[in-house]
Amino acid sequence: MNKISSTSLIGGAVVVAMAVGLYLGVAKRGLPPEGLGMGLWRKIKRKKKPLRVYMDGCFDMMHYGHCNALRQARAVGDQLVVGVVSDAEIIANKGPPVTPMHERMIMVKAVKWVDEVISDAPYAITEDFMKKLFDEYKMDYIIHGDDPCVLPDGTDAYAVAKKAGRFRQIKRTEGISSTDIVGRMLLCVRERSVSDSHNHSSLQRQFSHGHSQKLDGGSGSRSGTRVSHFLPTSRRIVQFSNGKGPGPNAHIVYIDGAFDLFHAGHVEILRVARELGDFLLVGTHNDQTISAKRGTHRPIMNLHERSLSVLACRYVDEVIIGAPLEVSKDMITTFNISLVVHGTVAESSDFQKEKDNPYDVPISMGIFKVLESPLDITTTTIIKRIVANHKAYQVHFIIVMLFVTESYTLNRLSSEL
């Protein structure tokens with residue numbers, strides 16, 4: 001009985017080995033194994049190949065809306081390749097960018113849903129570039145939001161991709177745009193320097209679809225600059241979160257700040273901080289804390305907008321939304337923080353000279369470290385760039401609105417005819 005069992009096992013192993021060898025042999029030649037139809041074999045082969053999708057954009061003044069678009073694009077396929085439009089192309093089609101190419105590349109590469117980045121991408125998908133995407137980069141689909149992308153001559157920037165049947169559309173994130181952020185900053189500057197209510201209202205109509213909010217100041221309320229219409233939901237926060245906590249023996253690094261108008265300087269200091277441990281915990285201060293320190297015109301982005309931008313960064317593991325300004329002993333114990341860090345470049349770098357230093361406790365515990373910031377960029381830097389080019393941005397906005405209105409009118413007329 002044992003001999004029969006042994007013979008059967010050996011015979012079975014030989015049959016399996018021959019079958020595997022035959023399968024691998026025909027697979028190498030691109031032929032289906034015997035008994036497997038060519039159609040089913042092609043489907044199996046396609047499943048083995050990762051679905052690669054391409055999305056491009058200017059990604060100027062990158063915000064959570066951009067990040068959400070990249071998240072949706074990545075969900076369409078297995079690998080997301082992102083094209084960052086060159087400075088020259090942006091100038092030719094939209095006006096001067098706020099952030100130069102190298103900063104925009106840093107921002108896009110840091111988004112956790114991005115697998116590859118192509119620099120100096122064209123603003124419009126041409127026949128030649130589309131062929132390059134399909135042949136050289138092995139792209140399967142080209143993706144863009146459902147908002148119109150119109151060239152200066154009024155044509156669709158993605159017409160070629162749509163005609164080829166390789167275009168996929170995702171939903172645009174409502175309540176945010178680079179134009180809206182520019183408007184918030186211009187209102188911020190106008191509020192501080194000019195009391196002309198007519199000009200204020202004019203700017204507001206141009207750059208916002210809503211009304212200005214009232215901010216509670218120390219001696220009453222005044223007209224505010226924050227015109228955000230973002231309504232946070234638990235689902236959106238979950239979509240952006242990593243969903244994993246630190247391990248039992250993880251070295252947890254903590255860094256906090258406003259992270260207003262999330263920029264390349266923020267990304268780089270977060271990258272450096274993450275390299276110091278196993279888990280990076282980031283605290284975003286609430287709006288009231290920032291207003292108390294920097295004036296009622298700040299922050300430009302509200303707490304949840306800022307938190308989502310930070311959450312989308314690949315170097316960040318978790319965010320404390322509305323973190324206290326003071327890093328207390330209780331907070332360090334609760335989150336098991338091993339190291340507290342702060343960059344050398346910030347809106348306020350003289351915190352150690354203040355009477356109530358928010359980092360007194362970690363300093364006394366010997367777990368505080370000042371990090372050399374890789375880039376000399378702050379939120380004020382971005383605002384100054386906007387102010388320097390505000391006329392160009394206003395002209396661009398008017399041109400965009402004219403094209404959108406004209407396209408809408410032509411589409412309506414054609415549908416009626």
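No side-chain N or O of Y141 forms a donor-acceptor pair with one of R166 less than 3.5 Å apart. Defined by atom type and a distance below 3.5 Å, a donor-acceptor pair is missing between the side-chain atoms of D260 and T379. A donor-acceptor pair shorter than 3.5 Å can be found between the side chains of N242 and K112. A side-chain N or O of T155 and one of D153 form a donor-acceptor pair less than 3.5 Å apart. Between the side chains of T333 and D330, no donor-acceptor pair is found at a separation under 3.5 Å. Under the 3.5 Å distance criterion, with hydrogens and angles disregarded, no donor-acceptor pair is assigned to the side chains of S291 and T296. Side-chain N/O atoms of D56 and Y158 include a donor and acceptor closer than 3.5 Å.
Note on R52 versus D115: no salt bridge recorded, every NZ/NE/NH1/NH2 to OD/OE distance being 4.0 Å or above. We find that K244 and D317 are not joined by a salt bridge, their nearest charged nitrogen and carboxylate oxygen being 4.0 Å or further apart. Between R236 and E305, none of the side-chain N atoms (NZ, or NE/NH1/NH2) sits under 4.0 Å from a carboxylate O, so this pair counts as no salt bridge. Residues E127 and K131 are not paired through a salt bridge, judged by the lack of any N-O separation under 4.0 Å between the basic side chain and the carboxylate. D287 and R306 are joined by a salt bridge, as a carboxylate oxygen and a charged side-chain nitrogen come within less than 4.0 angstrom of each other. Salt bridge status for D87 with R104: present, with a side-chain N to carboxylate O gap under 4.0 Å. Taking the charged nitrogens against the carboxylate oxygens, D78 and K49 have no contact shorter than 4.0 Å, which rules out a salt bridge.
Considering every non-hydrogen atom in both I106 and A264, the closest pair reads CG2-CB, 4.1 Å. Residue L375 comes nearest to E268 through the heavy atom pair CD1-CG, 3.8 Å, listed as atom of the first residue, atom of the second, then distance. When all heavy atoms of V267 and A110 are compared, the closest pair comes out as CG1-CB, 3.5 Å. Closest non-hydrogen pair, H144 versus C149, comes out as CE1-CB, 3.9 Å. Scanning both residues, F279 and G245, for their nearest heavy atoms gives CE1-C, 3.5 Å. Listed here is the closest heavy atom pair of Y123 and E89: N-OE1, 2.7 Å.
Test V387, I300, T99 against I382 for side-chain contact (heavy atoms from CB on, under 4.5 Å) and you get one pass: T99. Only one option out of E347, K384, H263 pairs with T378 in a side-chain hydrogen bond (donor to acceptor under 3.5 Å, both in side chains); it is E347.
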Apply the test side chain to side chain contact (heavy atoms under 4.5 Å, CB included) to residues Y359 and D256: give CA-CA distance (whole Å), side-chain angles for both, the deciding distance (0.1 Å), then the verdict. CA-CA 11 Å; Y359 303 107; D256 61 357; 2.5 Å; yes
Could you go through Y54 and I125, starting from their C-alpha distance and side-chain angles, then the distance that decides it, and tell me whether this counts as side chain to side chain contact (heavy atoms under 4.5 Å, CB included)? CA-CA 11 Å; Y54 173 82; I125 300 293; 4.0 Å; yes
Given the rule in the side chain to side chain contact (heavy atoms under 4.5 Å, CB included) test, do V108 and M62 qualify, once you have shown the distances and angles that lead to the verdict? CA-CA 8 Å; V108 175; M62 197 161 184; 4.1 Å; yes
Would you check, one step at a time, whether the test side chain to side chain contact (heavy atoms under 4.5 Å, CB included) holds for L281 with V253? CA-CA 6 Å; L281 178 64; V253 180; over 6 Å; no
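Here NZ of K163 is found 9.5 Å from CE of M130. Values are rounded to the nearest 0.5 Å. The distance from the NE2 atom of H285 to the NZ atom of K293 is 8.5 Å, given to the nearest 0.5 Å. The distance from the OG1 atom of T380 to the CZ atom of R385 is 12.0 Å, given to the nearest 0.5 Å. Atoms CZ and CD1, on F335 and I320 in that order, are 3.5 Å from each other to the nearest 0.5 Å. To the nearest 0.5 Å, atom CD1 of residue I321 and atom CG of residue L311 are 6.0 Å apart. Atom CD1 of I252 is separated from atom OG of S338 by 6.0 Å, given to the nearest 0.5 angstrom.
Residue N249 places its CG atom among 12 or fewer non-hydrogen atoms of other residues, nucleotides or ligands, all under 6.0 Å distant. The environment of CG in D376 is sparse: at most 12 heavy-atom neighbours from other residues, nucleotides or ligands sit within 6.0 Å.
Remark: the backbone N or O of A312 is not paired with any side-chain donor or acceptor of R71 at under 3.5 angstrom.
Ring-centre distance between H63 and F262: not below the 6.0 Å cut-off.
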